[in-house]
Participant: 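There's a structure below that I have some questions on.
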Number of protein chains: 2
Amino acid sequence: MNTRFAVATHILIILQAQQGVPASSELIASSVNTNPSLIRRLMSQLAKAGLTTSQMGTGGGALLARPGEEITLLDVYQSVDDESSLFGIHADPNPACPIGRHIPPVFKAHMQATERALLAELARTTIASMAAEVAMNENNLRADATETA
Amino acid sequence: MNTRFAVATHILIILQAQQGVPASSELIASSVNTNPSLIRRLMSQLAKAGLTTSQMGTGGGALLARPGEEITLLDVYQSVDDESSLFGIHADPNPACPIGRHIPPVFKAHMQATERALLAELARTTIASMAAEVAMNENNLRADATETA
DNA sequence: TAATATGTATCCATTTCTAATACATATTGC
DNA sequence: GCAATATGTATTAGAAATGGATACATATTA
C-alpha cells in the first residue's frame with residue numbers, strides 16, 4: 001500500500017497545528033522526512049479537493065482552506081486516493097467459464113458495501129481531533145521528561 | 001492494489017460450485033485466466049488457514065475444508081493478506097519534530113478502528129452466498145438467451 | 001511403473017511508488 | 001524594478017511489489 005493517505009494526513013495535522021501561519025513545503029518535508037517535491041504534489045491534490053490553499057513568495061506556504069473541525073479523514077482519503085484502489089480485482093477471467101465470468105460483478109458489489117462501511121468510519125474522525133491527540137502525546141512526553149530529570 | 005483477495009475468493013467460489021468434486025489448479029487457472037502456479041501459491045495459503053485441503057494424484061485437486069456456509073470473506077481476506085497492508089504509513093518521520101514523531105501511533109490507532117469496521121462487514125458475507133449469486137446470474141443469462149432465441 | 005497433480009523455488013517483465021532534480025511562474029519586500 | 005522566496009509541474013531514475021512462467025521433487029492413483 002502506498003503512503004499517500006498517511007502523508008496527506010500528516011500534512012494537514014501540521015497545518016492545523018500552525019494555527020494560521022503558512023507552512024512551506026520544505027518545513028513539512030522535514031517533518032515527514034521526505035523531499036519537498038512529494039509534499040507539493042500531494043498538496044496539489046489537497047488544494048484541488050478544497051482542503052488547502054497556498055501562498056507563493058516570501059513567508060508563503062500552505063494553509064487549511066477551512067477549519068480542521070470540518071475536515072474528516074474521509075475528505076483526505078478521497079482527495080488523494082483514486083477511487084478504485086482499495087480492493088484490486090483480476091480484470092479478465094475466462095468469459096467462457098459459467099462461473100468465472102460472473103465473479104467480477106459479484107465481487108465488486110460486495111466490495112462496494114465493504115468500502116461504504118470503511119468510508120463511514122473515516123468520516124467520524126477530524127483533523128482537529130487528531131491534532132489534539134498529537135498535542136496531548138507531546139505534552140505527556142514532556143511531562144515524563146521533566147519528572148525523570 | 002494486488003488481486004490476491006479477489007482471486008482467492010474466485011477459487012473458493014469454484015470449489016463451492018464443485019460440490020465435493022476436486023478441482024485441479026489447471027482447471028481453476030483456466031477460469032481465473034492465469035497460470036496454475038499462481039493458483040497453487042494462493043491455495044497453499046488457503047490450506048494453511050484451514051479453508052481448503054488438497055489431494056494429489058489422478059483425479060485429485062482442491063476441496064473446501066469446511067462448508068461454504070461457514071467460510072466468510074473475512075476468513076479469506078485474513079488468509080491471503082498480511083495484516084499490515086491495507087493502509088500504508090511512512091515509516092520514519094523526523095523524530096526531532098514535536099508533531100511528526102507522534103503521527104505514526106495516532107494514525108495507526110485510527111486505522112485500526114477503521115479496519116475493524118471493514119472486517120466486520122467482510123464477516124457478513126459467506127462463500128456459499130456468493131456462489132449462489134453467481135449461479136443466479138448465470139441462470140438469468142441463460143434465460144435471456146433462450147427468450148431471445 | 002507410468003501418469004497425474006501438488007508444493008515450492010526461482011527467474012523475469014511489468015508496474016507502481018518514491019526520490020531527486022529542474023524550471024517556469026507568482027508573490028513579497030526592499 | 002529587482003532579488004529572494006516559494007509554489008506547481010514535468011521528467012528521470014531507482015527500488016519495491018506483483019504476477020507470469022518454468023522447473024522439479026514429492027505424493028497419489030491406476
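The sequence lines fix the lettering, A, B, ..., with proteins before strands; numbering per chain opens at 1.
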Participant: Just how far, in rounded Å, is P of C/dT6 from CG of B/Leu15?
Facilitator: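 These atoms are roughly 11 Å apart.
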Participant: Please report the distance, rounded to the nearest Å, between CG in B/Leu63 and C1' in C/dA5.
Facilitator: 13 Å
Participant: Strictly distance-based, threshold 3.5 Å: is any side-chain N or O of B/Asp75 a donor or acceptor partner for the main-chain N or O of B/Thr72?
Facilitator: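 Indeed, once roles are kept as given, a pair shorter than 3.5 Å links the two residues.
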Participant: Roughly how many Å is it from CG in B/Asp81 to C1' in D/dA17, rounded to a whole number?
Facilitator: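 Going from CG in B/Asp81 over to C1' in D/dA17 covers 13 Å.
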Participant: Which pair of heavy atoms, one from B/Gly50 and one from B/Arg66, lies closest together, and at what distance?
Facilitator: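 Closest approach of B/Gly50 to B/Arg66: O-NH1, 3.8 Å.
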Participant: Whole Å only: how far is the CG atom of A/Asn2 from the P atom of C/dT16?
Facilitator: 12 Å
Participant: Going hydrophobic residue to hydrophobic residue with side-chain gaps under 4.5 angstrom, can you get from B/Leu46 over to B/Leu38?
Facilitator: no
Participant: Within this structure, what is the CG-to-P distance between A/Leu42 and D/dT9, rounded to whole angstrom?
Facilitator: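 Rounding to the nearest Å, CG of A/Leu42 and P of D/dT9 are 13 Å apart.
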Participant: C/dT18 C1' sits how many Å from A/Gln45 CD, rounded?
Facilitator: 14 Å
Participant: What integer distance in Å separates B/Phe87:CZ from C/dC17:P?
Facilitator: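 Checked: the CZ to P distance equals 15 Å.
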Participant: Does A/Thr3 put a side-chain nitrogen or oxygen below 4.0 Å from OP1 or OP2 of C/dT18?
Facilitator: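 Answer yes for this pair, as a side-chain N or O of A/Thr3 is under 4.0 Å from OP1 or OP2.
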Participant: Any protein N or O atoms within reach of nucleotides 19-27 of chain C? Criterion: under 3.5 Å, listing atom names and distances.
Facilitator:
| residue | atom | partner | partner atom | Å |
| --- | --- | --- | --- | --- |
| C/dA19 | OP2 | A/Thr34 | OG1 | 2.5 |
| C/dT21 | O4 | A/Ser37 | OG | 3.0 |

Participant: Respond yes when some side-chain nitrogen or oxygen of A/Ser44 is under 4.0 Å from OP1 or OP2 of D/dT9, and no when none is.
Facilitator: yes
Participant: In this structure, how many angstroms lie between the P atom of D/dT22 and the CD1 atom of B/Ile39, rounded?
Facilitator: 16 Å
Participant: Would you say the side-chain atoms of A/Thr126 pair up with the backbone N or O of A/Ser129, donor to acceptor, closer than 3.5 Å?
Facilitator: yes
Participant: For the residue pair B/Phe5 and A/Phe107, does the interplanar ring angle fall in the parallel (under 30°), tilted (30 to 60°) or perpendicular (over 60°) class?
Facilitator: perpendicular
Participant: Any idea how A/His90 and B/His10 line up, ring-wise: parallel (<30°), tilted (30 to 60°), or perpendicular (>60°)?
Facilitator: tilted
